[in-house]
Amino acid sequence: MRTHIDAIDTQILKLMAERQTYVHEAGRFKPSVAKVQDDKRVAAIIAKVRAEATTLGLSPDVAEATFRAMIAAFTEDEKKQVGARTP
């Protein structure tokens, strides 16, 4: 079981790295750190994730908590990126 879980974790990390690439690309178009946080977008993502989780047989609460943590971490990373290039 642990081997399978470790393999899944590696797949998740690869997808997170791919997601980070797109987050950084999006950050290039943001004029300021204030424009990074988009609460409407986060709400839409969470609603979609909860619905998809239910369809896939995953606890929507687990999916939401995981995505909220991931989104928060990527948002902070993007703020650093945008802040480093804007006054």
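Throughout, residue positions are numbered sequentially from 1 according to the sequence presented. Since the structure is predicted, the reported quantities are computational estimates derived from the model, not experimental observations. Note that these values count all heavy atoms, side chains included, but never hydrogens, waters or copies made by symmetry.
Between the side chains of Q11 and D9, not a single donor N or O lies within less than 3.5 Å of an accepting N or O.
Residue I8 holds its CD1 atom at 11.0 Å from OG1 of T3, rounded to the nearest 0.5 Å. For the atom pair E78 CD and K30 NZ, the distance stands at 3.5 Å (nearest 0.5 Å). To the nearest 0.5 angstrom, D38 atom CG is 9.0 Å from T75 atom OG1. Atoms CG and OG1, from L15 and T10 in turn, are 11.0 Å apart once rounded to the nearest 0.5 Å. The distance from the CD atom of E52 to the CD1 atom of I45 is 11.0 Å, given to the nearest 0.5 Å. Atoms CD1 and CZ, on I46 and F67 in that order, are 7.5 Å from each other to the nearest 0.5 Å.
Grouping the Ile, Leu, Val, Met, Phe, Trp and Tyr side chains by contacts below 4.5 angstrom, directly or via other members, places V23 with V42. The same ILVMFWY cluster, assembled from side-chain heavy atoms under 4.5 Å apart, contains both L13 and I71.
A63 and L58 get closest at one heavy-atom pair: CB-CD2, 3.7 Å.
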Should K80 and E76 be marked as a salt bridge (charged side-chain N to carboxylate O under 4.0 Å, His left out) after you check the CA-CA gap, both sets of side-chain angles, and the distance that decides it? CA-CA 6 Å; K80 288 177 189 171; E76 288 306 310; over 6 Å; no

What's the verdict on side-chain contact (heavy atoms from CB on, under 4.5 Å) for V82 and R28, showing C-alpha distance, side-chain angles and the deciding distance? CA-CA 7 Å; V82 173; R28 290 182 25 192; over 6 Å; no

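Residue pairs meeting the side chain to side chain donor-acceptor pair (under 3.5 Å) criterion with at least one member in residues 14-24, sequence neighbours excluded, are H24-D77.
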